[in-house]
Amino acid sequence: QVQLVESGGGLVQAGGSLRLSCAASGRTFSTYAMGWFRQAPGKEREFVASISWSSGYAFYAYFADSVQGRFFITRDRTIDAVYLQMNSLKPEDTAVYYCAAGRLPASSWSGGAALDYWGEGTLVTVSS
């Protein structure tokens with residue numbers, strides 16, 4: 001059974017940092033792009049960041065304008081994990097963060113197209 005399991009969410013003050021992790025299992029994701037979406041209360045789910053797959057050591061990352069320069073995404077292809085380092089957090093970053101994986105190129109994720117696998121989400125709350 002394919003699973004994406006997020007962890008690392010929690011409560012943090014504005015200006016603080018959190019690191020989200022996503023562990024994938026049930027199949028190999030070495031040729032899948034991986035990334036993160038979020039959904040704030042009363043809002044639609046939105047793209048946060050994505051990272052390409054690679055047969056070498058060069059990965060390409062893409063970010064929503066709202067998190068560019070504050071969030072960073074990395075992946076460990078040896079264990080099929082993806083991470084989201086979130087710095088300078090703002091109250092508007094409060095949301096449930098979802099890990100996703102898909103065959104769609106990472107560069108195309110910002111449009112919100114359907115992806116193959118989703119996690120259950122982890123809540124991030126940023127207090128002012």
Side-chain angles (χ1 to χ4, degrees):
Q1 181 181 0
V2 175
Q3 282 189 311
L4 300 179
V5 180
E6 303 96 335
S7 61
L11 174 64
V12 63
Q13 287 189 329
S17 298
L18 278 177
R19 184 177 187 245
L20 303 184
S21 300
C22 173
S25 61
R27 64 156 297 139
T28 179
F29 287 88
S30 59
T31 59
Y32 279 61
M34 300 186 76
W36 297 87
F37 284 73
R38 69 185 181 185
Q39 187 167 19
K43 295 187 177 181
E44 294 187 351
R45 188 168 58 190
E46 65 175 1
F47 168 76
V48 175
S50 60
I51 186 166
S52 67
W53 70 273
S54 174
S55 59
Y57 296 94
F59 296 93
Y60 297 93
Y62 304 86
F63 299 92
D65 290 344
S66 59
V67 307
Q68 182 77 45
R70 299 188 298 123
F71 289 14
F72 301 91
I73 186 171
T74 56
R75 69 184 291 173
D76 185 340
R77 64 177 183 172
T78 63
I79 58 171
D80 281 335
V82 63
Y83 308 95
L84 185 69
Q85 178 66 42
M86 305 185 295
N87 301 326
S88 301
L89 283 162
K90 305 175 181 179
E92 51 263 45
D93 294 318
T94 295
V96 177
Y97 284 71
Y98 297 91
C99 177
R103 289 164 289 181
L104 188 73
S107 57
S108 299
W109 280 38
S110 60
L115 298 168
D116 297 276
Y117 301 104
W118 292 88
E120 294 294 318
T122 186
L123 177 62
V124 173
T125 303
V126 184
S127 63
S128 57

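Keep in mind the model is a prediction, meaning the values are calculated, not measured. Throughout, numbering of the chain's residues begins at 1 and tracks the sequence.
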Check whether Y98 and F72 end up in the same hydrophobic cluster, where Ile, Leu, Val, Met, Phe, Trp and Tyr are linked by side-chain heavy atoms less than 4.5 Å apart. no
Is it possible for you to say whether M34 and L115 belong to one hydrophobic cluster, with membership spreading through side-chain heavy-atom contacts below 4.5 Å? no
I'd like a table of donor-acceptor pairs (distance under 3.5 Å, sequence neighbours excluded) in which one partner is a side-chain atom from residues 4-14, with atom names and distances.
residue : atom : partner : partner atom : Å
E6      : OE1  : E120    : N            : 3.2
E6      : OE1  : G121    : N            : 2.9
E6      : OE2  : C99     : N            : 2.8
E6      : OE2  : G121    : N            : 3.1

Find out if a path of hydrophobic residues (ILVMFWY) with successive side-chain heavy-atom gaps under 4.5 Å connects V48 to I51. yes
Could you check whether any side-chain heavy atom of L89 comes within less than 4.5 Å of a side-chain heavy atom of F71, counting everything from C-beta outward? yes
So, W118 versus F37, ring centres under 6.0 angstrom or not? yes
Same apolar cluster (I L V M F W Y, side chains within < 4.5 Å links), F47/V67: no
If you compare all heavy atoms of A49 against all heavy atoms of F63, which two are closest, and at what distance to 0.1 Å? CB-CD2, 3.6 Å
Rounded to the nearest 0.5 Å, how far apart are OG of S107 and OH of Y62? 4.5 Å
Is there any salt bridge (charged side-chain N to carboxylate O under 4.0 Å, His left out) pair reaching into residues 74-101, and which pairs are they, with sequence neighbours excluded? R38-D93, R70-D93
Donor-acceptor check, side chain of T94 to backbone of T125, threshold 3.5 angstrom: yes or no? no
For S52 and F59, indicate whether the former's side chain and the latter's backbone hold a donor-acceptor pair under 3.5 Å. no
N/O donor to acceptor pairs below 3.5 angstrom from side-chain atoms of residues 20-30, sequence neighbours left out:
residue : atom : partner : partner atom : Å
R27     : NH1  : Y32     : OH           : 3.2
T28     : OG1  : S30     : N            : 3.4
T28     : OG1  : S30     : OG           : 3.3

Check for a donor-acceptor pair, side chain of W109 on one end and backbone N or O of L104 on the other, with a separation under 3.5 Å. yes
Sorted by chain and number, sequence neighbours left out, side-chain contact (heavy atoms from CB on, under 4.5 Å) with S17 holds for Q85, N87
If hydrophobic clusters are built by linking Ile, Leu, Val, Met, Phe, Trp and Tyr wherever their side-chain heavy atoms come under 4.5 Å apart, do V96 and I73 end up in the same one? no
Apply the test side-chain contact (heavy atoms from CB on, under 4.5 Å) to residues V124 and M86: give CA-CA distance (whole Å), side-chain angles for both, the deciding distance (0.1 Å), then the verdict. CA-CA 10 Å; V124 173; M86 305 185 295; 3.8 Å; yes
For Y83, the rest of its hydrophobic cluster, which grows through side-chain links under 4.5 angstrom: I79
Search all heavy atoms of A106 against all heavy atoms of S50 and return the closest pair with its distance. O-OG, 2.8 Å
May I have all residue pairs that pass salt bridge (charged side-chain N to carboxylate O under 4.0 Å, His left out) and include part of residues 95-107, sequence neighbours excluded? R103-D116
